[in-house]
Each structure stands twice: as C-alpha cells, then as structure tokens.
Amino acid sequence: MEESVVGRPYAWDPATLREEDWLIQLPYFRPDMRPSGQAVLPPDLTARLLAALREGPGLAVLRGLRLDGLSDQDCAGLGQEIVSLAGTPRPHESAAPQDHLLGAARPPGAPVPVDRTNVPGSGPEEPVLAPREPALAPHTDRAGPPGPPRLLALLCVRPAPTGGESFLISGSTVHDRLAATRPGELPLLYGDFHFGTEPGLARTGPVFARCDDRLTVHYNRHQIERGHRAAGDPLGTDRTRALDAFDALLADASLLLRVSLRRGDLLLLDNTSVLHGRTAFTDHPDPLRQRCLTRAWAD
C-alpha cells in the first residue's frame, strides 16, 4: 500500500542516527597534488560513501578535503568528480548560469540587506556593513531537464562568518510521522502538484511516490505555490492542509540533523529521499571572502 510506513534505515532522526553513519573523516590528502590517474578517494572510503547513500541514511559528509591551491572553479570540478563516484554527473550550468557556484552574489544594482554589527575578525570599534541572506526552508532540488536529480553534492569552499548551518531531514521520516498522526493527508501528497514556472525547470508530479519499492520525495513549498498560481489551479483547502502538515514536520527541530560545514567538507545526499536547507547567515563584506559552496548534481 502506498501509505504504508517506510522504517529504518531510510526513516531516521538525530536521536537514532549515529555520527559514524554519515560522517567520513578523510586522511590528509591534497587533490591538486595527486598523481595523474589516481582516484579522488581510496576504495575503502568510496565504499563507505556509497553504503551511506544506498543502504544508510541517504547522506554522507566527507570531512577534510584539502582545497589549498584550488580556485573556486577547481573546487566545483572536484565536487563533480566526487559525485561521479555515485552517479552520472550533470554538466555545470545545466539549470542556470553559474548554478554550480553558490554564494551571496546579487544582480548589479539590487539592494543588499545589511547587518550593522561587527563581522568576526573586524575591529571592535569599527562596525561594518555585511550582506545578510535569509534562511532556506528544507527542500529538494529541481535542477533542469530531465527532472530532479538523484544526487546532490555541496562542497564548502568558504563558510559564512556567522550562520549558514545546514539542516537535513529524512523524507521517509516525514512520511511515517504523517502516517501515524495525519494519515488522511497522505493520499493528497501522492497526487500531482505543479512545481515552479520557469521553462526547463517547471514540472508536475507528486510529493511522495513509490519507485522500485523505495519511497521518493520531491518538495519545495514556495515552488508549489508559484506553480499553482501560474497554472490557474488553486491549491484549495484540502491540499493546503496537507502541505501545512508536511511543513509542520519540517519545522520540528527534533527531526532535523544540523551540520556546520567547514572548509573542505563535502555533503553528498540522495535528493530523492533527504531534504536540505540552511539557517540565515551574515556574510563577509569583502566579496572575495564571502561564503561559497559548489554544487554538483548526478543521476
């Protein structure tokens, strides 16, 4: 039955998840210094990475990649090389220009919200203006054709001075909690929704689906609301109530795994089973020192 519970290992929360289930500490290793043809990860660590994705919680953090001597673009290439260990990588900029480099860049002339406080490392008597970015609610990535990617890799090149903590939640856990507490909402979430409006990115599909005996999840409340407005298809009372029940669980702090990504940390997750978001952050006023993550998708 579609609405039957999923259970572990795919349904997890921070109380049941062990750090060794998802955190992989790397030995000292500089990718830019390896001999030509050498794999980016040794076989044993590659096996652990794949096991975490396929037989564990659906996510892993590789900790300790040495990025010395690498440009931001080089780092983007490294992230794509690592995600290729688990799937077929999509080309950079397959969804939008610079979609593989995530920072606080804004269009020329756009207003920049500021925090009139001291940025860490600045003098205590010299307040500076620092860009602020709002939090991102948990979601899955849409990407471009042929549809949502199976895998997402985020490599931290420069963390924000303040904030920007990643949080992750299992779609299976959300599903099972709804089955236990709001079972009437699940059939609606197995029905079709419109996601977004942009050519090449907009799609129609369910929030939950079963594929080869696995539960998949695709969710972005903002894009669902945009899509339904553009399609002239009001969500109505029942579908709004189902989405609100989903969002209530996404806001449950006890279900969120919080991870502060350090420079050289790579987060790799199954984009069809784990939702990701982040807290708000205050960035560095110097654009060259601002937060930067590289993003790579794979199928």
Side-chain angles (χ1 to χ4, degrees), residues 6-68 70 74-92 100 140-141 143 148-157 166-173 210-217 257-276 293-299:
V6 179
R8 296 193 69 188
Y10 309 117
W12 50 262
D13 59 52
T16 61
L17 198 61
R18 303 172 304 170
E19 189 173 85
E20 55 263 36
D21 293 332
W22 57 269
L23 182 62
I24 301 174
Q25 182 70 51
L26 301 178
Y28 181 86
F29 171 66
R30 281 188 58 172
D32 63 319
M33 301 292 287
R34 59 184 157 142
S36 176
Q38 179 178 318
V40 67
L41 291 180
D44 59 326
L45 295 185
T46 299
R48 284 186 60 192
L49 177 67
L50 297 180
L53 289 173
R54 299 170 181 172
E55 303 158 18
L59 69 102
V61 171
L62 296 176
R63 173 151 290 166
L65 285 166
R66 303 290 297 188
L67 307 183
D68 306 331
L70 300 182
D74 291 336
C75 290
L78 176 61
Q80 191 175 54
E81 185 177 0
I82 291 174
V83 79
S84 71
L85 298 172
T88 303
R90 296 191 183 185
H92 289 159
H100 58 299
T140 57
D141 277 9
R150 181 173 63 88
L151 298 170
L152 165 66
L154 296 171
L155 172 60
C156 181
V157 181
S166 297
F167 44 79
L168 309 160
I169 183 169
S170 161
S172 295
T173 297
R210 298 278 181 170
C211 181
D212 299 328
D213 296 324
R214 290 284 300 271
L215 179 77
T216 64
V217 59
L257 175 65
R258 304 177 76 97
V259 181
S260 294
L261 294 178
R262 311 170 185 173
R263 175 174 169 82
D265 282 359
L266 183 137
L267 168 63
L268 182 57
L269 58 84
D270 183 335
N271 186 57
T272 69
S273 67
V274 178
L275 299 91
H276 65 284
L293 271 66
T294 73
R295 175 169 61 189
W297 292 308
D299 299 300

Drop me the distance from S172's OG to R214's CZ, to the nearest 0.5 angstrom. 7.5 Å
By salt bridge (Lys or Arg N to Asp or Glu O under 4.0 Å), which residues pair with E55, not counting sequence neighbours? none
Using side-chain heavy atoms (C-beta onward) and a distance below 4.5 Å, is W22 in contact with L168? no
Given side chains that start at C-beta, do those of L268 and L53 come closer than 4.5 Å, heavy atoms only? yes
Looking at CG of L23 and CZ of R48, how far apart are the two atoms once the value is rounded to the nearest 0.5 Å? 8.0 Å
Does any part of the side chain of D265, heavy atoms only, come nearer than 4.5 Å to the side chain of R63, both counted from C-beta? yes
Can you name the salt bridge (Lys or Arg N to Asp or Glu O under 4.0 Å) partners of D74, sequence neighbours left out? none
With sequence neighbours left out, the residues meeting salt bridge (Lys or Arg N to Asp or Glu O under 4.0 Å) with R263 are none
Nearest 0.5 Å, what's the CG-CG distance between L17 and L59? 6.5 Å
Check whether any side-chain heavy atom of L261 sits under 4.5 Å from a side-chain heavy atom of L267, and report yes or no. yes
Point-to-point distance, once rounded to the nearest 0.5 Å, from NE2 of H276 to CG of L152: 5.0 Å
Who passes side chain to side chain donor-acceptor pair (under 3.5 Å) against N271, sequence neighbours left out? none
Could you give me the CA-CA distance, side-chain angles and deciding distance for L215 and V217, then say whether side-chain contact (heavy atoms from CB on, under 4.5 Å) is met? CA-CA 7 Å; L215 179 77; V217 59; 5.8 Å; no
Restricting to non-hydrogen atoms, name the atom on L266 and the atom on G79 that form the minimum distance, rounded to 0.1 Å. CD1-CA, 3.9 Å
Any side-chain heavy-atom pair of I82 and L155 under 4.5 Å: no
Please check this pair: side chain of T140 against backbone of L275, looking for a donor-acceptor N/O pair closer than 3.5 Å. no
When every non-hydrogen atom of R262 is compared with those of C156, the smallest separation belongs to O-CB, 3.2 Å
Those residues at least two apart in sequence (or on a different chain) that pass side chain to side chain donor-acceptor pair (under 3.5 Å) with R295 are none
Could you tell me which residues satisfy salt bridge (Lys or Arg N to Asp or Glu O under 4.0 Å) with R150, sequence neighbours excluded, listed by chain and number? none
Return the CG to CH2 distance between L257 and W12, rounded to the nearest 0.5 Å. 5.0 Å
If we ignore hydrogens and angles and just use 3.5 Å, is the side chain of W297 paired with the main-chain N or O of P149 as donor and acceptor? no
Applying the side-chain contact (heavy atoms from CB on, under 4.5 Å) test to P89, which of L151, D299, V83 qualifies? V83
With the side chain counted from C-beta on, respond yes when L45 and P27 share a heavy-atom pair under 4.5 Å apart, and no when they do not. yes
Separation between CG (L154) and OG (S166), nearest 0.5 Å, reads 7.0 Å
Any side-chain heavy-atom pair from D270 and Y10 closer than 4.5 angstrom? no
Are the side chain of D141 and the backbone N or O of A143 linked by a donor-acceptor pair below 3.5 Å? no
Provide the closest heavy-atom pair for L26 versus G64 in the form atom of the first, atom of the second, distance. CD1-C, 4.2 Å
R66/D68 ion pair, N-O < 4.0 Å: yes
Correct closest heavy-atom pair for A60 and L49 would be CB-CD1, 3.6 Å
